[in-house]
Amino acid sequence: MEESEYSFSEIEKKWQKVYDKEKVFEAEPDPSRPKFFVTFPFPYMSGPVHLGTAYTLTRLDIVARYKRKRGFNVLFPFAFHWTGTTITGISDRIRRGDEKTIEILEKMDGVPREEIERFKDPVYLAKYYTEKNRAALKDYGLAVDWRREFHTSSLNPGFSTFVQWQYLKLKEKGYVTKGVHPVVWCPRDKSSTGDHDRLSGEGVFPEKFYLVKFRLEGSHLVAATFRPETIFGVTNVWVNPNAVYAEAEINGEKWIVSVETLDKLADQMRIVHKIREFKGKELIGKMVEAVFTGHRVPVLPASFVDPSLGTGVVYSVPAHAPYDYMALEDLKRNEAVLKEYGLDPDEIRSIKPISMITTEKYGSNPSEKLVAELGIKNQSDPKLEEATSLVYKEEFHKGVTLSNCGRFSGLPVQKAKELVIGEMRKTGAGDQFLELPSPVVCRCGTRCHVKILEDQYLLRYSWPEWKAKALRALERMSIYPKEVRENFVYFINWYDDWAFTRTSGLGTPVPWLPGHIVETLSDSTVYMAYYIVSKYVNNGMLKPENLTEEFYDYVLLGIGVPEEVGNKTGVPADFLKRLRYEFDYWYPVDLRNSGKDLVANHLTFYIFHHVAIFPEEKWPRQISVNGFLRIEGQPMHKSKGIFISLKDAVEKYGSDATRITLLLSAEGLEDPNWESEKASKNIELLRSIYGFILSLIGEKGPVRNSHMEDWLRNSVRTRVKNVTDALENMQIREATSEALYGLRNDLRWYLRRVKEPDSEALREAVEAWLNLLYPFIPHLAEELWSKLGKKNLLANHPWPIVAEVDEKPLLVEKYLEQLVEDTYQILKALKKASLNRLRLITAAQWKNNAFKEIIETAEINPEKTRGILAQHAAGVGKEELGRFMGQVMKSLQTMTEEHRKILKYVLEKGEKNILKEAQPFFEKEFKCSVETLSEDEVPREKLGELVGKKPPAQPGRPILLIE
RNA sequence: GCGGAGGUCGCGUAGCCUGGUCAAUCGCGCGAGGCUUAGGACCUCGUCCCGAAGGGGUUCGUGGGUUCAAAUCCCACCCUCCGCACCA
């Protein structure tokens, strides 16, 4: 019959339509039911939603569906993220004709050429993806209340009013301050350059460089270094003879630095007046004096000096800096250069490294040692990089200054460094500034540097009171998996003030600062509250102009009198009360699930902002995070082609198969791995489950209600309990696996075990199973539910009751399973495929009696055991008793609690009775005649003959005679 | 460097907190048999090594230790992955 064919696309569309029509997921406040509000961090609309998003989303969807079935009134809304520079960035790149961007859009996202042309308009781009993604998400089938959908930024005036209100509140309550803030800066774009805006230099951020001054004819040659403490080992100063340098007045003092340095100094709050420019070679050969130590050293030429890095001036410590050492050696050998700059070769060759630090590992001249060890030939050898870092690490952590370091002698390097820095600052012999340790190039091709932004509006994350409140919120929250809690503590403590205004990209204007928008991470922190409002903005009952500060104050915080607020906002007082009621009903968020990447930023902000704005009872209740999806073992990477969109996956595998493929692949913080082959297999698995359940529904066996039905019912209860527990603990993979495979295996065993299945017991089990399957594979489960002749929706049907499990029937089956396994093992050892006769001989009654008593005592005590045995063994031969004693002691030693339970119950029920009852099963299983006996029923001599040297029967371990 | 996760029988994983029926879960793959006109699906068994009786041997990143007993507890080491900021 074509009925049994599983066509996922048909089934999925069918039920999505039904859910839509019946408004199953449209949630309204209902005081008679507890609420459960789940949220997902809205995805960014700069591209298609991918499987990684789907994974995180699915975990949440499962909880939403499960909670609904448990009687909760579940709200699961959705929105789309437009704020920030990613969308405008793509548009910019297309406008510039960036090939790579266009290629990715065309090949990976499947955007038609003519659409790409229109992507020059960022709004068009955002709308395009929002449409596409909404469609893909709907085809995937989520338990979402779509009436509340919105997107962010000023392009959505309703949402913007909300963000503005949020910032007015933050400012009013003192969470906003003004200050300075360093950023990686592109001088051409006049904006900060985040990682994703960079052509090269990802992950590079400002580090402190120290400036060390050398007196030169009424001016200062200013060198930059990470290691100011090494000034005691200086032998010379390097400049690049071909670079351009400048003399300039810096905060009133004359400095000589590379011309590139001037902009950097100016951008770090220094007043810069350029006096003149000149070539670096003019400096060569001059003598300079270290202000800090008074060392007089020559200025020498070096090609490795990069005028764009630091100040373009480097002081040379050949003993402790392999680069300096090598450059000096090169120079000593290079007659031509010496001649060119008129340097005295003898004088240069007499320069010796000055040791000023020692370590156990490298001694006091590590440069020389490492250059020799690594076989470094000249100053352009890339291995110098490695040598430098080896020396730096070792000396910084384990080095001690030598006696030539004045007041800083005999100190650990770390300590000396700290003191030298302090002293230089005090005396003006040195200074410091921020610099990028390696080059960063903006997408526009310009080299970036550090700029300190002044008069920045900052969120005061450094404020101890705010941190304390956030930590308190965290304490009351449930966090899954639990390891992540520590991360939150770390990040809450670690955060410093955060600059939240921007001048580029999409977003909401800062209410008090025209021309500036609220940065993306900062505007998306408490927006879950807006879902209550957005429903009415979408249906036209509220207009953006109604959404004033007073409006939100009343609806979200309960401040003000409805009638007065109504007058000011134009919203009827009754409606305001209704809104207030709705907010109060739904808030706070009960569960927010996201990828682990958001812990460090968004989720921490989420906590911070909630505690700042809302009273304690509205603080978030639970956060759960999961790993990052990999594709065929590789991290997702669009430009490398490692990327699967949700749309493609759903088209190819359907929603249900996609769901379980994602869910079964990881737990906790592990990174799930998507394997397409597995997804295909999972379609087969679903087809198989579909067919299996249909066949079970078709069974027409008599109603019996014997042991096996009892067993089946209790197995079902166990599965219900397991799935429920796993779901409550956000162990979604465990839950999925248990729901998919657990009951399937139970039903298989049941069918194997009985001659004719009990149709009623089967039907009960199938019903429970479908309920358990629903959260994970909703469409398939719903389809089968209707095939069962049910009139209601499975989505609305209550979750099975988590009932007390009666272990007894389960114990009996465990005993039998063990017996079957033993039989198979013997067959294997005998290399036999089949058998003619199977005889099961259970232990003699006296053994059973003795054993019962021994297990009761629950301890391994040879004396006591022997005593008990002797009591029961009247008339038993000494040898037989001894042998049995050995067996008993051995099995007692390794007996687990479960095994004890099994034995106890088997003995209680009578082992032979159990076997008698299971005899037809054994006959069916092994296709042979089966006989069940007790040792008591076989004459002693006969028994010896039958058993041979095999160990005698033990309670729970009958002799198996195979012929 | 700082912080976090992890290394289990071909692959992906469970077990580890609370040590003992743990040669170790489940799924995939693979092999055998059954079913079937055939294929697929489905069902059963097997899948570290040895074994003519349910047993024995060697395993859970490496090396030590604690214990009657260790995948599980302790110590050291090796390796892999992730995050480290103004940016989604």
Side-chain angles (χ1 to χ4, degrees), chain A residues 41 43-44 46 81 83-87 89 181-184 192-198 203 205 393 396-397 453 456 458-459 461 481 483-484 486-487 489-491 494-502 505 519-522 524 596-602 604 627-628 630 633 635 664-673 675 677-678 681-682 684-685 687-688 691-692 695 733-734 737-738 740-742 745 748 751-752 818-819 821-834 860 891 893-899 902 925 927 947-951 957-962:
Chain A
Y44 204 72
S46 56
H81 200 190
T83 307
T85 51
T86 311
I87 288 173
H181 172 247
V183 292
V184 176
S192 64
T193 309
D195 256 352
H196 60 282
D197 296 324
R198 298 177 191 178
F205 51 91
K393 271 186 195 151
F396 183 76
H397 293 289
L453 299 174
Q456 275 293 297
L458 304 170
L459 286 162
Y461 290 148
E483 306 91 81
V484 175
E486 257 180 89
N487 285 324
V489 172
Y490 174 83
F491 286 116
W494 169 79
Y495 262 102
D496 203 347
D497 292 348
W498 179 273
F500 67 89
T501 68
R502 292 289 177 283
E519 169 273 330
T520 158
L521 279 173
S522 307
S524 312
K596 63 183 173 185
D597 53 324
L598 297 191
V599 171
N601 44 61
H602 165 71
T604 299
F628 233 44
R630 301 167 82 90
L664 286 170
S665 65
E667 195 83 283
L669 284 179
E670 291 162 5
D671 289 334
N673 184 25
E675 291 168 281
E677 206 181 308
K678 239 175 206 168
K681 291 274 168 200
N682 280 334
E684 295 307 317
L685 172 68
R687 180 165 290 144
S688 146
F692 183 47
S695 75
R733 178 180 57 189
E734 171 69 19
S737 161
E738 185 74 5
L740 279 175
Y741 302 114
N745 289 338
R748 277 183 191 165
L751 293 178
R752 194 172 152 193
Q818 180 63 48
L819 217 53
E821 205 184 302
D822 281 354
T823 313
Y824 275 115
Q825 266 211 52
I826 297 169
L827 285 176
K828 194 190 150 204
L830 292 175
K831 301 201 191 327
K832 272 189 172 186
S834 61
I860 308 166
S891 48
Q893 253 169 31
T894 49
M895 192 174 286
T896 58
E897 198 45 46
E898 183 179 42
H899 196 59
I902 293 174
E925 184 73 17
K927 299 189 183 65
V947 176
K949 355 183 252 305
K950 289 166 214 128
R957 303 218 68 182
I959 297 169
L960 297 171
L961 287 178
I962 283 171

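Residue numbering restarts at 1 for every chain, and letters A, B, ... go by the order of the sequence lines.
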To the nearest angstrom, the NZ-C1' distance between A:Lys681 and B:A41 comes to 12 Å

Looking for any heavy atom pair under 4.0 Å, which part of the strands does A:Leu827 touch: base, sugar-phosphate only, or nothing? nothing

Should the ring pair A:Trp494 and A:Phe491 be called parallel, tilted or perpendicular, given that the plane angle runs from 0 to 90° and is split at 30 and 60?
perpendicular

Taking a pair to mean Watson-Crick or G-U wobble geometry with both distances below 3.5 Å, B:A69 pairs with none

Students often get this wrong, so: under 4.0 angstrom with heavy atoms, is A:Glu486 touching a base, only sugar-phosphate, or nothing? sugar-phosphate

* Determine the Euclidean distance between corresponding C1' atoms of B:U13 and B:C28; express it in Å to zero decimal places. => 11 Å

Re B:G46: Watson-Crick or G-U wobble partner, both distances kept under 3.5 Å, found to be B:C30

Exercise for the section: Provide the distance between the two C1' atoms, one in B:G51 and one in B:G4, to the nearest whole Å. Expected result: 48 Å

Next on the checklist: When you measure from the side-chain N and O atoms of A:Asn487 to the phosphate of B:C84, is any distance below 4.0 Å, counting only OP1 and OP2?
Outcome noted: no

Taken in chain and number order and not counting sequence neighbours, the residues that satisfy side chain to side chain donor-acceptor pair (under 3.5 Å) with A:Arg733 are none

In whole angstroms, the gap separating C1' of B:A85 from CG of A:Leu458 amounts to 13 Å

Separation of B:G54 atom P from A:Gln818 atom CD, nearest Å, is 13 Å

A:Ile962 atom CD1 is separated from B:G54 atom P, nearest whole Å, by 11 Å

Taking atom C1' in both B:C2 and B:G12, what distance in whole Å separates the two? 32 Å

The reported gap from CG in A:Asp496 to CG in A:Leu459 (rounded to nearest 0.5 angstrom) is 12.0 Å

| request: Please measure how far the P atom in B:A24 lies from the corresponding atom in B:G56, and state the result in whole Å. | output: 12 Å

Inspect the surroundings of CZ in A:Phe692 and state if more than 12 heavy atoms from other residues, nucleotides or ligands are less than 6.0 Å away. yes

Base, sugar-phosphate, or nothing: which does A:His181 touch, judged by heavy atoms less than 4.0 Å apart?
base

Regarding the side chain of A:Ile826, the nearest nucleotide among B:C87, B:A52, B:G54 is B:G54

| query | Say you pick atom C1' in B:U72 and the same atom in B:C17; how far apart are they, in whole Å? | reply | 10 Å

Checklist entry - Mind checking the P distance from B:U58 to B:U80? Whole angstroms is fine. => result 32 Å

Practice prompt. Scan A:Asn745 against the nucleic acid and name what it touches under 4.0 Å (heavy atoms): base, sugar-phosphate only, or nothing.
Written response: sugar-phosphate

From CZ of A:Phe491 across to P of B:C84 the rounded distance in Å is 8 Å

Any A:Lys678 side-chain N or O less than 4.0 Å from OP1/OP2 of B:C11: no

Residues A:Val599 and A:Thr604: closest non-hydrogen pair is O-OG1, 2.6 Å

### Same-atom distance (C1') from B:U67 to B:C75, integer angstrom
16 Å

RNA chain B nearest-nucleotide lookup for A:Gly84 and A:Ser737: closer to the 5′ end is A:Ser737

By the 4.0 Å heavy-atom rule, please label A:Pro958 as base, sugar-phosphate, or nothing. base

For A:Ala499 and A:Gln456 the tightest heavy-atom approach is CB-OE1, 3.4 Å

| query | If we take the P atom in both B:C79 and B:A69, what is their distance in whole Å? | reply | 32 Å

Practice problem: Answer yes or no: is there a side-chain heavy-atom contact under 4.5 Å between A:Lys678 and A:Asn673? | Solution: no

Scoring nucleotides 43-48 of chain B by protein non-hydrogen atoms under 4.0 Å (B base, S sugar-phosphate only, - none) yields SSS-S-

Describe the nucleic acid contact of A:Asp497 in one word from base, sugar-phosphate, nothing, applying a heavy-atom distance below 4.0 Å. base

Taken to the nearest whole Å, CZ/A:Arg630 to C1'/B:C81 is 7 Å

Check your understanding: Within the structure shown, what part of the strands sits under 4.0 Å from A:Ile959 by heavy-atom distance: base, sugar-phosphate, or nothing?
Key -> base

Under a 3.5 Å limit on both distances, the Watson-Crick or wobble mate of B:G1 is B:C84

Note: for A:Tyr741 and A:Tyr44 on RNA chain B, the residue whose nearest nucleotide lies more 5' is A:Tyr741

Within-4.5 Å side-chain heavy-atom neighbours: A:Trp498 and A:Leu521:
yes

Checklist entry - Just wondering, do A:Lys596 and A:Asp671 contact through their side chains at under 4.5 Å, heavy atoms? => result yes

For B:A53, the nucleotide meeting Watson-Crick or G-U wobble distances (both under 3.5 Å) is none

| Phosphate OP1/OP2 of B:A14: any A:Arg733 side-chain N/O under 4.0 Å | yes

Applying the 3.5 Å cut-off to both distances, the Watson-Crick or G-U partner of B:C17 turns out to be none

From CD of A:Glu677 across to P of B:C28 the rounded distance in Å is 12 Å

Whole-Å distance, A:Tyr490 OH to B:G83 C1', equals 9 Å

*If you measure from the Lys or Arg side-chain nitrogens to the Asp or Glu carboxylate oxygens, is any gap between A:Lys681 and A:Glu684 under 4.0 Å?*
no

What's A:Phe628 touching, base or sugar-phosphate or nothing? Going by heavy atoms closer than 4.0 Å. nothing

